[in-house]
Amino acid sequence: MSLLKLAELSEQDVERELRGPGLGLRLGSLRCCIRSDTELLATPLRFLYQDYLVDGCTDGFFDFRLNLVKTRKHLWSPWLVEFDWEGSSPFPALALAHAHPLFEWGLNWCVATASGVHIVIHSAVVERDGVALVLPGEPGAGKSTLCAALCLSGWRLLSDELTIISQKDYLVQPVPRPISLKNKSIELIGNRYPLAEITDPVVDTHKGTIAYVRPPSTSVAASTLRVPVGFVVFPKFTAGSSLGYEPMSRAMGLTQLMEHTFNVGLLGREGFESLARSIASAKCYAVEYPDLMSILEWIDLTCRR
Amino acid sequence: LELAGLASGTLGANLASSQQIGDVVAFHFQDEEEVALFIPGSADVLLCDLKQWSQLRNSSKASVKSGVPVADIANGAHTHPVESELMVMLRTLGASIT
């Protein structure tokens, strides 16, 4: 039996599923069941996840069953939203208006946790010519903005947040999801890519104003296609600088990547060696850039197979 | 660097090797001068060059001769502070902690 795409459900259908048995979505190889009574998820989910396949939530195995619940301390208190994954949550309750960002942050946490047997790196990752470009970076390095720009320029989105590498064959496992943009990046990407499909901004979150770019349909369709790491680029945005880059040894790239890896401490020697082998054929660079245009040009010229 | 534990799989075959002394795991990529080091117990990550790694190995062997049970080193056991000894050696040799 072929599965429906979320776009084939009406918004009312999505809301009914969220309030009822749950909305089941396939995220690459992961299955997720979402419930919510917030009335604030149906619109962004149907828009952002329109190309994802829908599973019935009444039975079957799901990697995670999530619930975003409306709550308030007292009758006179403002409504909040809580994220719940089978009884636990890493987040405090947030203002109800932040239900959708909370869902995306919570799902990131679930994907990272559920992928614990693999190597999980805090990094954007995209693909072209059959190899992955891994973009780790400190907050503010501009990796999500860069990831959005690359995906709107023909690169395949593997993930804007988590690079998941199998310890068996050292290939990157895609989990394409909406790309998170913050503050000035929203306007930057909107202006540069007028055809980009971006949600309405959510203001006053702890990260500032947040909006999400819909993942390209082709990336979602190819979400089970795994690829080896071809390039590791550590971007650093510095306003007013000129673009500069430095090739890095793989040993140096490995030690830097370890700093961005969530679970290699838990995986121990095996994880360290797997991460090393995953970049054995990769080229590593550190890049300082002053604007989006300059690093896009540099990547286009340099990160070619 | 001894080529113990050659990489397997479709990627990286014959391009890289790993080695362990005590609790320090070293990874060396072919044609590179630097060696990445990892200490699983503390999750510390360091970078040194081949010369430093060679010195460390020799120092470690000397340390074994001076009384550290070989099995403890081979198994990464914590009955003797091999890890801290190696860490001190690494720092002394100038390995950079990332």
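So that the names make sense, note that chain A is the first sequence line, chain B the second, and so on, each numbered from 1.
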Looking at [atom1] of [X] and [atom2] of [Y], how far apart are the two atoms once the value is rounded to the nearest 0.5 Å?
X: B:S18; Y: A:E270; atom1: OG; atom2: CD; value: 11.5 Å
X: B:L37; Y: A:M258; atom1: CG; atom2: CE; value: 10.5 Å
X: B:D31; Y: A:S249; atom1: CG; atom2: OG; value: 12.0 Å
X: B:E34; Y: A:M248; atom1: CD; atom2: CE; value: 9.5 Å
X: B:F29; Y: A:S281; atom1: CZ; atom2: OG; value: 9.5 Å

For B:K51, is the NZ atom crowded, meaning more than 12 foreign heavy atoms sit under 6.0 Å from it?
no

Which label fits B:F38 and A:F272: parallel for a plane angle under 30°, tilted from 30 to 60°, or perpendicular past 60°?
parallel

Provide the closest heavy-atom pair for [X] versus [Y] in the form atom of the first, atom of the second, distance.
X: B:P40; Y: A:G268; result: CB-CA, 4.3 Å
X: A:R277; Y: B:F27; result: CG-CZ, 3.8 Å
X: B:A36; Y: A:T255; result: CB-CG2, 3.8 Å

Measuring heavy-atom distances to chain A, does B:E32 have an atom under 4.5 Å in its side chain, in its backbone, in both, or in neither?
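Side chain only.
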
ring-ring contact (aromatic ring centres under 6.0 Å, His included): pairs with one or both residues in residues 120-149 of chain A, sequence neighbours excluded
A:H122-A:F262

